[in-house]
Trainee: 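Have a look at the structure that comes next, please.
Index from 1, following the sequence.
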Amino acid sequence: MEKKVIKFISEISKKEITLTVDERLNKIDERKVAPEKLAKANEALKGVKLPR
């Protein structure tokens, strides 16, 4: 597993924050994934009525 751990002190809470980033996510080609996700979102929103 390729994981990167980042630790820093939060300015708001003054506590240590730990972020774990999976480096495998950098290999995703967003130009291929984005149109598929957009199509799924549009399909899910089809027929939704917004209040006026």
Side-chain angles (χ1 to χ4, degrees):
M1 283 195 217
E2 302 172 28
K3 292 191 178 182
K4 182 177 180 180
V5 177
I6 302 168
K7 293 184 180 184
F8 63 95
I9 304 294
S10 170
E11 293 178 10
I12 297 171
S13 65
K14 305 298 184 207
K15 294 184 179 181
E16 183 178 271
I17 306 294
T18 303
L19 300 175
T20 304
V21 180
D22 192 342
E23 293 293 329
R24 292 179 296 174
L25 296 176
N26 291 336
K27 297 177 185 175
I28 295 174
D29 186 6
E30 59 275 351
R31 287 176 278 169
K32 291 181 181 177
V33 176
E36 296 171 10
K37 295 290 184 180
L38 181 60
K40 286 181 183 179
N42 286 336
E43 186 65 31
L45 292 173
K46 191 179 288 185
V48 173
K49 294 181 180 178
L50 298 174
R52 292 185 177 207

Trainee: For residues 29-40, pull every pair meeting salt bridge (Lys or Arg N to Asp or Glu O under 4.0 Å), keeping only residues two or more places apart or in separate chains.
Mentor: D29-R31
Trainee: Suppose we screen for side-chain contact (heavy atoms from CB on, under 4.5 Å). Which residues come up paired with N26, at least two apart in sequence or across chains?
Mentor: E23
Trainee: Taking only residues two or more places apart in sequence or in another chain, which ones pass side-chain contact (heavy atoms from CB on, under 4.5 Å) with I28?
Mentor: L25, V33
Trainee: Using a side-chain heavy atom cutoff under 4.5 Å and only I, L, V, M, F, W and Y, what cluster partners does I6 have?
Mentor: F8, I17, L19, V21
Trainee: With K49, which residues qualify under salt bridge (Lys or Arg N to Asp or Glu O under 4.0 Å), at least two apart?
Mentor: none
Trainee: Using links of under 4.5 Å between side-chain heavy atoms of ILVMFWY residues, direct or through other members, which residues join L38 in one cluster?
Mentor: none
Trainee: Could you list the residues that satisfy salt bridge (Lys or Arg N to Asp or Glu O under 4.0 Å) with K4, not counting sequence neighbours?
Mentor: none
Trainee: Of all heavy-atom pairs between E2 and D22, which one has the smallest distance, and what is that distance?
Mentor: O-OD1, 3.1 Å
Trainee: Kindly state each residue pair satisfying salt bridge (Lys or Arg N to Asp or Glu O under 4.0 Å) with at least one member in residues 7-21, sequence neighbours excluded.
Mentor: none
